Amino acid sequence: MIFLKLFFEFFKTGLFSVGGGYATMPFLYQISNDYNWYSLQELADILAISVITPGPVGVNMATFAGFKTSGILGAIVATLALVLPSYFIVIMVSKLIKKFEKNFYVESILYGLKPTGCGLLLAVAVNFFKNNVKDLYALLFFIFLFILSFKFKKNPLFYFLIGGIFGLAVNFFGLIIK
């Protein structure tokens, strides 16, 4: 039964997460709330691991979340369920793209979906911020990296490397307040 639920939730995620891998975050957040298959802290860890491992972030996140839920078989089910809708949609769109690329209704729907996706990502970002930025050092580091990422368009791995070094330094010097 868990594999059926896992398949359904990740199929739904793959079907409605328009905008790429990070668009899966609101769905993964909701899955965490609904099923308690993983905690919000584990979701933050899943995101961090997914960003630094090769492959699409959304697929990596589904794989890790599925593994956390039900081991290797869970990882396979979640990954296939997430990718399956895209597979079918790409096949359909590739056959219809020329016919509808300047269609008023298609453009209108996309016009509404883009800010919707941004709003959902912002909501998840705010929750992640509240759950993971808990002291002055983390807040100052967040502000520093936020400004740095806008000024210098570096690969996200660069910022994750800086974040890892920062975490080691803070922990090494005993600056973490728990």
Side-chain angles (χ1 to χ4, degrees), residues 6 9-10 12-71 74-75 78-79 81-83 86 110-178:
L6 197 61
E9 288 300 326
F10 281 94
K12 184 174 62 174
T13 301
L15 187 60
F16 295 110
S17 56
V18 178
Y22 293 109
T24 63
M25 287 300 299
F27 295 96
L28 294 175
Y29 182 80
Q30 189 64 43
I31 290 169
S32 171
N33 284 336
D34 291 349
Y35 295 103
N36 293 318
W37 288 337
Y38 44 84
S39 68
L40 293 179
Q41 180 58 51
E42 289 169 325
L43 182 58
D45 295 342
I46 288 169
L47 174 62
I49 292 168
S50 296
V51 169
I52 63 171
T53 54
V57 172
V59 174
N60 290 347
M61 290 177 66
T63 304
F64 284 115
F67 182 80
K68 174 70 179 103
T69 303
S70 295
T79 303
L82 184 86
V83 173
S86 297
L110 290 175
Y111 180 81
L113 286 177
K114 290 175 185 177
T116 301
C118 291
L120 290 171
L121 285 173
L122 181 60
V124 170
V126 168
N127 280 320
F128 262 55
F129 182 86
K130 288 189 312 189
N131 290 325
N132 293 296
V133 180
K134 296 182 179 182
D135 59 36
L136 180 62
Y137 298 112
L139 177 63
L140 293 174
F141 186 65
F142 167 80
I143 293 168
F144 170 72
L145 279 185
F146 186 77
I147 293 168
L148 196 66
S149 68
F150 276 103
K151 186 165 176 69
F152 303 103
K153 304 292 183 195
K154 299 275 188 190
N155 186 308
L157 289 176
F158 172 77
Y159 297 106
F160 272 94
L161 177 64
I162 290 174
I165 292 170
F166 171 78
L168 284 172
V170 167
N171 199 25
F172 180 76
F173 292 110
L175 299 176
I176 294 177
I177 302 168
K178 294 188 181 188

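Keep in mind it's a predicted model, so treat the numbers as computed, not measured.
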Heavy-atom distance under 4.5 Å between the side chains of [X] and [Y], does that happen here?
X	Y	result
Asn60	Ile49	no
Phe10	Val83	no
Thr69	Ile31	no

List the steps and the verdict of side-chain contact (heavy atoms from CB on, under 4.5 Å) for Leu145 and Phe166. CA-CA 11 Å; Leu145 279 185; Phe166 171 78; over 6 Å; no
Rounded to the nearest 0.5 Å, what separation is found between the [atom1] atom of [X] and the [atom2] atom of [Y]?
X	Y	atom1	atom2	result
Leu161	Lys154	CG	NZ	11.5 Å
Asn155	Phe160	CG	CZ	10.5 Å
Leu121	Ser17	CG	OG	10.0 Å
Leu40	Ile46	CG	CD1	10.5 Å
Phe64	Glu42	CZ	CD	13.0 Å
Leu113	Leu120	CG	CG	10.5 Å

Is the ring pair Trp37/Tyr35 parallel, tilted or perpendicular, if the boundaries are 30 and 60 degrees?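 Taking Tyr35 first and then Trp37, their aromatic rings lie parallel (interplane angle under 30°).
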Can you give me the closest heavy-atom contact between [X] and [Y], atom names plus distance?
X	Y	answer
Ala75	Thr63	CB-O, 3.4 Å
Leu157	Val51	CD2-O, 3.9 Å
Pro115	Gly112	CD-O, 3.5 Å
Gly66	Ala78	CA-CB, 3.8 Å
Ala138	Val133	C-CG1, 3.7 Å
Asn132	Ala44	ND2-CB, 3.8 Å

Hey, does the side chain of [X] reach the backbone of [Y] with a donor-acceptor pair shorter than 3.5 angstrom?
X	Y	value
Asn171	Gly167	no
Ser50	Met61	yes
Thr79	Ala62	no
Ser32	Leu28	no

For the aromatic rings, using the six-membered ring if either is Trp, is the centroid distance between Phe141 and Tyr137 under 6.0 Å?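 Between Tyr137 and Phe141, which both carry aromatic rings, the centre distance is not below 6.0 Å.
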Qualifying residues under ring-ring contact (aromatic ring centres under 6.0 Å, His included), relative to Tyr159, sequence neighbours excluded: none
Would you mind listing every side chain to side chain donor-acceptor pair (under 3.5 Å) that reaches into residues 110-120, with sequence neighbours excluded? none
Please name the residue in the list Thr24, Asp34, Asn127 that meets the side-chain hydrogen bond (donor to acceptor under 3.5 Å, both in side chains) test with Tyr29.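 Answer to the side-chain hydrogen bond (donor to acceptor under 3.5 Å, both in side chains) test with Tyr29 among Thr24, Asp34, Asn127: Asn127.
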Is atom CZ of Phe144 surrounded by more than 12 heavy atoms (other residues, nucleotides or ligands) closer than 6.0 Å?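 Open: at most 12 neighbouring heavy atoms sit under 6.0 Å from CZ of Phe144.
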